[in-house]
Amino acid sequence: MNYRKNKLERIEKVAHLYYEEDKTQGEIADMMNVSRPLVSRILQEARDLGIVEIRVHQSACDTETLLERLCQQYGLQGGVLFSNEESSAKIDHDIAKRMLEYIEEKQPEYLGIGWGSIIGAATKMLDCVSPHETAIKAVCPLVGNSNVSSRQYHSDENVRIIAECYSAQPIFLHAPAFYEDKEDRSLLYATNHYQETRRHWERLDMAMVGIHDITVENDVGYPMMRNIRTVGHLAAHAYDSNGNIVEPERDCIAHIPLNDLTHCRCVVGLCAADVSPVALLGALRTRLLTHIFVKESLVASLLEA
């Protein structure tokens with residue numbers, strides 16, 4: 001009798017931590033001194049026993065159908081749509097949390113990390129998570145480092161935190177994202193250090209890429225190269241509303257080449273709640289993304305247009 005009571009109390013505690021306190025499965029495992037797979041099984045048991053009841057509030061268009069239509073229209077392999085009922089801050093938090101869970105589930109050997117608010121939120125979650133063994137061999141930045149104070153644009157620091165948590169090798173770019181001219185950037189390209197980073201970009205089997213409006217140009221502390229057609233940025237590559245990459249007149253940015261991003265088998269677009277529909281549309285039309293994490297209403301607005 002006591003055993004059953006203790007078991008139910010543990011299930012209720014795990015469910016409370018995960019669903020009500022927004023703890024990750026990794027954080028719960030560390031707090032309770034158990035394995036992550038056990039936490040996952042306990043959460044499933046909580047649903048099976050009815051301790052946790054998950055209700056899906058459907059809009060006029062069923063969420064699953066909405067995602068299927070999105071994948072078919074833009075050649076995606078999958079994704080996650082997040083509830084419109086939550087605040088923008090909560091949606092961004094949930095996207096960051098799902099990003100970390102997805103990495104844990106898939107465990108790519110070579111992981112690329114972009115920049116932006118979702119990436120910053122995810123690395124903040126990992127600050128209090130103990131390092132643990134995974135199949136991930138290396139984590140590398142997709143863009144150089146910005147000089148702004150916000151950590152979400154400090155690519156090497158985010159790579160350090162993520163690699164440390166997953167017991168992987170951090171690959172640092174040790175270089176700014178922006179240069180005054182192509183000649184200065186060419187000096188970086190000639191270094192053995194940069195060539196080693198290129199080799200890791202060529203091996204990537206997963207990339208986490210933020211989808212950004214053109215307003216990101218103000219956030220990163222340097223005017224990103226674009227023209228009047230630009231509606232958004234992926235890994236500091238500008239694109240227009242038709243998904244065409246906008247080639248700058250003066251390309252002085254250190255970031256992953258498009259060819260390497262194109263050949264990555266899993267490119268997850270992380271779309272913050274306040275991203276404009278046109279920036280999302282252009283990103284989807286680039287056909288660079290294989291998966292998307294995005295607010296449901298943004299997708300509905302595109303498919304209904």
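Residue numbers count from 1 along this sequence.
A heavy-atom distance below 4.5 Å is not found between the side chains of Cys266 and Gln77. In this structure, Met125 and Val129 have side chains that are not in contact, with every pair of non-hydrogen atoms separated by 4.5 Å or more. Taking 4.5 Å as the limit, every side-chain heavy atom of Cys271 sits out of range of all side-chain heavy atoms of Lys295. Looking at Cys264 and Asp260, their side chains never come closer than 4.5 Å, going by heavy atoms from C-beta outward. Side chains of Leu284 and Ile211 form no contact here, defined as non-hydrogen atoms less than 4.5 Å apart. Between Val294 and Leu81, the closest side-chain pair of non-hydrogen atoms falls below 4.5 Å. Residues Ile136 and Pro108 have side chains in contact (heavy-atom distance under 4.5 Å, counting atoms from C-beta outward). Looking at Ile118 and Phe293, their side chains never come closer than 4.5 Å, going by heavy atoms from C-beta outward.
Between the Gln25 side chain and the Val39 main chain, no donor and acceptor come within less than 3.5 Å of each other. Formation of a donor-acceptor pair under 3.5 Å by the Asp92 side chain with backbone atoms of Ala273 is found in this model. Between the His193 side chain and the Phe172 main chain, a donor and an acceptor come within less than 3.5 Å of each other. With hydrogens and angles ignored, the 3.5 Å screen pairs a side-chain donor or acceptor of Asp213 with a backbone N or O of Ser276. Within the 3.5 Å criterion, the main-chain N or O of Gly144 finds a donor-acceptor partner in the side chain of Ser155. Under the 3.5 Å distance criterion, the side-chain polar atoms of Asn145 are left unmatched by any main-chain donor or acceptor of Pro176. A donor-acceptor pair under 3.5 Å is absent between the side-chain atoms of Asn242 and the main chain of Asn244, judged by distance alone. Without hydrogens or angle criteria, Asp184 side chain to Tyr179 main chain gives no donor-acceptor distance under 3.5 Å. Side-chain atoms of Glu27 come within 3.5 Å of backbone N or O of Thr24 as a donor-acceptor pair. One N or O on the side chain of Arg287 and one on the backbone of Tyr74 form a donor-acceptor pair closer than 3.5 Å.
Closest approach of Glu164 and Pro131 over heavy atoms only: O-CB, 3.3 Å. Taking all atoms of both residues into account, the shortest heavy-atom contact from Ala283 to Tyr239 is N-CE1, 3.2 Å. Contact detail for Leu298 and Ala272: the closest heavy-atom pair is CD1-O, 4.2 Å. Taking every heavy atom of both residues into account, Cys252 and Lys182 meet most closely at SG-N, 3.7 Å. Between Ala168 and Ala138, the shortest heavy-atom contact is CB-N, 4.0 Å. Contact record, Leu76 with Leu289: CD2-O, 3.4 Å, taken as the closest heavy-atom pair.
For the 3.5 Å distance criterion, the side chains of Glu202 and His263 fail to qualify, holding no donor opposite an acceptor. Residues Asp274 and Ser88 have side chains that never bring a donor and an acceptor to within less than 3.5 angstrom of each other.
A salt bridge does not link Arg160 with Asp156: every distance from a Lys NZ or Arg NE/NH1/NH2 to an Asp or Glu carboxylate oxygen is 4.0 Å or more.
The side-chain contact (heavy atoms from CB on, under 4.5 Å) test with Ile103 singles out one residue from Met99, Glu101, Lys106, and that residue is Met99. Exactly one of Asn158, Leu100, Val159 qualifies for a side-chain contact (heavy atoms from CB on, under 4.5 Å) with Thr123. That residue is Asn158.
Cation-pi geometry between Lys97 and Tyr18 is satisfied (NZ or CZ under 6.0 Å from the ring centre, within 45° of the ring normal). A cation-pi arrangement is present between Arg203 and Tyr110, with the terminal nitrogen or guanidinium carbon under 6.0 Å from the aromatic centre and inside a 45° cone about the axis.
Taking the ring pair (Phe, Tyr, Trp, His ring centres under 6.0 Å) definition, one finds that Tyr194 meets it with Tyr189, Trp201, sequence neighbours left out. Looking at residues two or more places apart in sequence or on another chain, you find no salt bridge (charged side-chain N to carboxylate O under 4.0 Å, His left out) involving Glu12.
Applying the salt bridge (charged side-chain N to carboxylate O under 4.0 Å, His left out) rule to pairs touching residues 108-118 yields Glu109-Lys137, sequence neighbours excluded.
Between His132 and Tyr166, a ring centre-to-centre spacing shorter than 6.0 Å is recorded.
In the hydrophobic clustering of this structure, Val209 groups with Leu173; members are Ile, Leu, Val, Met, Phe, Trp, Tyr whose side-chain heavy atoms approach within less than 4.5 Å, directly or through other members. Residue Val267 is not grouped with residue Val139 when hydrophobic side chains (ILVMFWY) are merged at heavy-atom distances under 4.5 angstrom, including chains of intermediate members. Both Ile292 and Leu261 belong to a common hydrophobic cluster when Ile, Leu, Val, Met, Phe, Trp and Tyr are linked at side-chain heavy-atom distances under 4.5 angstrom. Linking ILVMFWY residues whenever their side-chain heavy atoms come closer than 4.5 Å, directly or via other members, places Ile95 and Met208 in the same cluster. Residues Ile162 and Val268 share a single hydrophobic cluster, defined by chaining ILVMFWY side chains whose heavy atoms lie under 4.5 Å apart.
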Checklist line | salt bridge (Lys or Arg N to Asp or Glu O under 4.0 Å) between Arg98 and Glu105, worked out | finding: CA-CA 10 Å; Arg98 184 67 186 104; Glu105 291 167 9; 3.1 Å; yes

Next item on the list: List the steps and the verdict of salt bridge (Lys or Arg N to Asp or Glu O under 4.0 Å) for Asp94 and Lys90.
Entry: CA-CA 6 Å; Asp94 290 347; Lys90 181 64 165 60; 3.0 Å; yes

Item checked: Step-by-step side chain to side chain contact (heavy atoms under 4.5 Å, CB included) determination, Ile161 to Arg151 -> CA-CA 11 Å; Ile161 293 169; Arg151 190 174 74 178; 3.5 Å; yes

Note to self: Run His93 and Glu86 through side chain to side chain contact (heavy atoms under 4.5 Å, CB included) and show every step you take.
What the structure shows: CA-CA 10 Å; His93 174 275; Glu86 305 290 353; over 6 Å; no

Notebook entry, point to check: For Thr191 and Leu188, what are the C-alpha separation, side-chain angles and deciding distance, and is it a side chain to side chain contact (heavy atoms under 4.5 Å, CB included)?
Noted result: CA-CA 6 Å; Thr191 63; Leu188 168 68; 4.2 Å; yes

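For the atom pair CG (Leu204) and CZ (Arg199), the distance works out to 14.0 Å, reported to the nearest 0.5 Å. With rounding to the nearest 0.5 angstrom, the OG1 atom of Thr63 is 8.0 Å from the CG atom of Asn84. Here Leu38 contributes atom CG and Asn33 contributes atom CG; the two are 11.0 Å apart, rounded to the nearest 0.5 Å. Rounded to the nearest 0.5 Å, atoms NE2 (His255) and NE2 (His233) are 11.0 Å apart. Note that CG of Leu234 and CG of Leu270 are 10.0 Å apart. Values are rounded to the nearest 0.5 Å. Note: Ile91 CD1 to Ser83 OG = 6.5 Å, rounded to the nearest 0.5 Å.
Taking the six-membered ring where tryptophan is involved, the planes of Tyr153 and Trp115 are perpendicular, since the angle between them exceeds 60° and thus also 30°.
For CG of Asp127, the number of neighbouring non-hydrogen atoms (other residues, nucleotides, ligands) closer than 6.0 Å is greater than 12.
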